[in-house]
There are 2 protein chains.
Amino acid sequence: MASLPDMTSKPPPLFPRLARDALSQRIAQALTEAIVSGRLKPGDRVSESAIAREMGTSRAPVREAGRLLESAGLLVSKANRGFFVRTITADDLDSIYELRLCIEREAAARLVRVGGVAGVVPDLHLQLDEMTGRSADGQVIHQIAADLQFHRLIVKNSGNSRFLAVFDTLASEIQASTALIDRVFDDPHKIARNHLLIIDALETGDEGEARAAMDYHIGVAREAVVNHFRVLEAGHPAPPPRKVP
Amino acid sequence: MASLPDMTSKPPPLFPRLARDALSQRIAQALTEAIVSGRLKPGDRVSESAIAREMGTSRAPVREAGRLLESAGLLVSKANRGFFVRTITADDLDSIYELRLCIEREAAARLVRVGGVAGVVPDLHLQLDEMTGRSADGQVIHQIAADLQFHRLIVKNSGNSRFLAVFDTLASEIQASTALIDRVFDDPHKIARNHLLIIDALETGDEGEARAAMDYHIGVAREAVVNHFRVLEAGHPAPPPRKVP
DNA sequence: TCAAGTTAAATTGTCGACAAACGACAGTTT
DNA sequence: AAACTGTCGTTTGTCGACAATTTAACTTGA
């Protein structure tokens, strides 16, 4: 369905009508890219005027982009001080993973309940290939992105839009925080095998199985990531904020 | 515990830091009040210029307030069209309550786990009094607010800051949607009794008991509210948007 | 009468400018 | 020497104005 050409509206949406408002969004995207890639580090100041100067726009759209990323959890704003890249502690990450666990556990169960498993399994396999492919060329960031995308597919197809909204927020925070990590935790093929277990659990058609698989999978990731950050914090007790354009 | 004076931090926050940025926030608060009180109805347009004219400010802070409420889920923005009061469907509410269930179930269990029950029970009883008091004078809106506040206390003291962040978003959406309701679902004293059951469960010190109590309590509310909205939707298939200053 | 095309009004997106607020540094006092 | 106070430069919060877009109102034609 939804594949028939729509005769009622204009013929070709050839060029995706780029709304004027897109300016804020493009700025937001550029900032996001800078954060998840690690060019902007936690605690760094994000100056409205500096960004505006660099990008050749006024401060207004930069401000909007900042607010956008603030609600996405990538930036924080101090009154009369401006925006700063959010500093994420190990405790924060633990809270994030605990919430993520609640969401994804239910999402997996819900996906089974509404009978949407068969529809997503092919996409899940595709995403898995992407994941192992990315890890081959040492692109840790892209590998993590593909990993999150795998989980996102499950959440999205669970049918609860709020689950997806929360997941997206958490995912961007996780992606941003893992920008500091330069090594993979596990052998890529082992990770792929773990994800296969999730698919298997989904295909049993048992809600309890699906929940349990998610519980285990995310629990493992949680422990690994949080521990990694705890030792990082032990080494860098208070990283001094850098001034970045 | 948590009752000893904290010697490590500054003594008293004697004067509460009043930031200049408060302007946007005051506008946001005024808009929120208008929405939850029902003066602004779902689908209504919220014009930047009109609001700015009325409040005697420029459009910039109004815009910020709009973005703030957008991330809070009270408004939606269409490109080049401005802000509109979010229309919430029965399905939306069902999704919201399902998410709320996930959060609060874990929050209750977590509260028990970290041993914070004794610290909040007195506050919970105070909030319960507030709730029954409000319902006496027919202030349904305030009663619902007090109800949400009760639940918020539990979430807040659970110790996971993300739980609270999500809950606050959901709470404001619930509060806004229930602005359309003009009658109480249940006898106030029955509601109070139901909340007492939650307190009892928390005091058993058993995580499973706490979870189960929340499951039941929120499940009942979910069914009542969602059903109420389904019949509302049957009557008002597509309420036409009103133009409001 | 209704439909489509055209014009006018209103509203948003963006811009540059101004004043208040903050952080830093220096000077003064105890 | 330490702490407080005053000044200075930088950055944000806010403002009014302009350009682009949408909405409506109006005209025209079948």
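Letters A, B, ... are given to chains in the order of the sequence lines, protein chains preceding strands, and every chain is numbered from 1. Model, not experiment: these values are computed from the prediction.
Atom NZ in B:K78 sits roughly 16 Å away from atom C1' in D:dT21 (whole-Å rounding). Rounded to whole angstrom, the span from the CZ atom of B:R63 across to the C1' atom of D:dG16 amounts to 15 Å. What separates CZ of B:R45 from C1' of C:dA10 is a distance of 9 Å, to the nearest Å. Between the C1' atom of C:dA10 and the CZ atom of B:R81 lies a distance of 12 Å, rounded to the nearest Å. The CE-C1' distance, from B:M55 to D:dG16, rounds to 19 Å in whole Å. Put simply, CZ on A:F83 is 13 Å from C1' on D:dT11, counting in whole angstrom units. At whole-Å resolution of the value, CZ in B:R53 and P in D:dG16 are 13 Å apart.
The side chain of A:S47 contributes an N or O atom lying less than 4.0 Å from OP1 or OP2 of D:dT12. Taking side-chain N and O atoms only, B:S58 has a distance below 4.0 Å to OP1 or OP2 of D:dC15. For the pair A:T57 and C:dG13, the criterion of a side-chain N or O lying under 4.0 Å from OP1 or OP2 is not met.
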List the steps, then state whether salt bridge (Lys or Arg N to Asp or Glu O under 4.0 Å) holds for A:R230 with A:D91. CA-CA 9 Å; A:R230 289 222 190 281; A:D91 286 335; 3.2 Å; yes

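Ranking C:dT12, D:dT11, D:dT14 by closeness to the B:S49 side chain, first place goes to C:dT12. If you check D:dG13, C:dG13, D:dC15 against the side chain of A:E48, the one that comes closest is D:dG13. In this structure, of D:dT12, D:dC15, D:dT22, it is D:dT22 that holds the atom nearest to the side chain of B:N80.
A:R67 and B:E64 are joined by a salt bridge, as a carboxylate oxygen and a charged side-chain nitrogen come within less than 4.0 angstrom of each other.
When the shell of 6.0 Å around CD of A:E33 is examined, it contains more than 12 heavy atoms from other residues, nucleotides or ligands.
Within 4.0 Å of B:R59, counting heavy atoms only, lies at least one base atom of the nucleic acid.
Between B:E233 and B:T89, the closest heavy-atom pair is OE2-CA, 3.1 Å. The minimum heavy-atom distance between B:T169 and B:S172, with the atom names listed, is O-OG, 2.9 Å.
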